[in-house]
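What follows is a short report on a single structure.
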Amino acid sequence: MARAALALVLTLATTVPLAAADIASGKKIAQRWCAACHVVAMDQNRASVDVPTFCDIAQRKSGEQLRTFLIDPHPKMPDMSLTRGEIADIVAYIESLKP
Ligand code: HEC
């Protein structure tokens, strides 16, 4: 019993991080948490001035740079305490905006 449970936990632990990067969920998080300041999607036309759009960010930053930034955001941007899963989803979403 305990062995089966352990095997299940190990399977989940190794498969979940890969399956976690979900573009659709990243878009939802972006629209909920980031759209107040950033233009996060092509169909959005209002946000703060002087804040880079996600499209623009996608062209300038690599996935690795985005992950590092979101784990410890720039002082001008609030730290939203995103989980690793949320960060993976948002980064997958931003990368999907690359032309
Ligand atoms: C309260 C406003 C605000 C919110 C909400 C916000 N940001 Fe930002 N963000 C900024 C500002 C302002 C900058 C520019 C910082 C600078 O230029 O120093 C920025 C910069 C960034 C950058 C770096 C861009 C670059 O050019 O290097 C990334 C990536 C980013 N934001 C992602 C996000 C994500 C993802 C979310 C949602 C989870 C989010 N932001 C929510 C204000 C915000």
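Counting convention: from 1, in listed order, for ligands and their atoms alike. What you see is a predicted model, and the numbers here were worked out from it, not measured in a lab.
- We find the CD1-OG distance between I94 and S62 to be 11.5 Å, quoted to the nearest 0.5 Å.
- If you chain together hydrophobic residues whose side chains sit under 4.5 Å apart, V39 and I90 never meet in one group.
- Looking at L70 against ligand 1, only its side chain comes within 4.0 Å, counting heavy atoms.
- Near I90, with a cut-off below 4.0 Å to any heavy atom, the atoms of ligand 1 are 35 (C), 38 (C).
- In A36, neither the side chain nor the backbone holds a heavy atom less than 4.0 Å from any atom of ligand 1.
- Within the 4.5 Å cutoff, no side-chain heavy atoms of E64 are placed close to those of V91.
- Shown in contact with L66 at under 4.0 Å from a heavy atom are these atoms of ligand 1, numbered in order with element: 29 (C).
- One option in Q65, Q31, M80, H38 has a heavy atom closer to atom 9 (N) of ligand 1 than any other, and that option is H38.
- Applying the 6.0 Å contact sphere to NZ of K28 captures no more than 12 heavy atoms from other residues, nucleotides or ligands.
- The cluster map of Ile, Leu, Val, Met, Phe, Trp and Tyr, joined by side-chain heavy atoms under 4.5 Å apart, puts V40 and M80 in the same cluster.
- Below 4.0 Å from some heavy atom of C37 lie the following atoms of ligand 1, by number and element: 1 (C), 2 (C), 3 (C), 4 (C), 5 (C), 42 (C), 43 (C).
- The neighbour count for R60 CZ, taken as heavy atoms of other residues, nucleotides or ligands under 6.0 Å away, is above 12.
- Where the criterion is an N or O separation shorter than 3.5 Å, residue side chain and backbone included, K61 meets it with respect to ligand 1.
- Ligand-side atoms of ligand 1 in range of R60: 25 (C), 26 (O), range being under 4.0 angstrom from any heavy atom.
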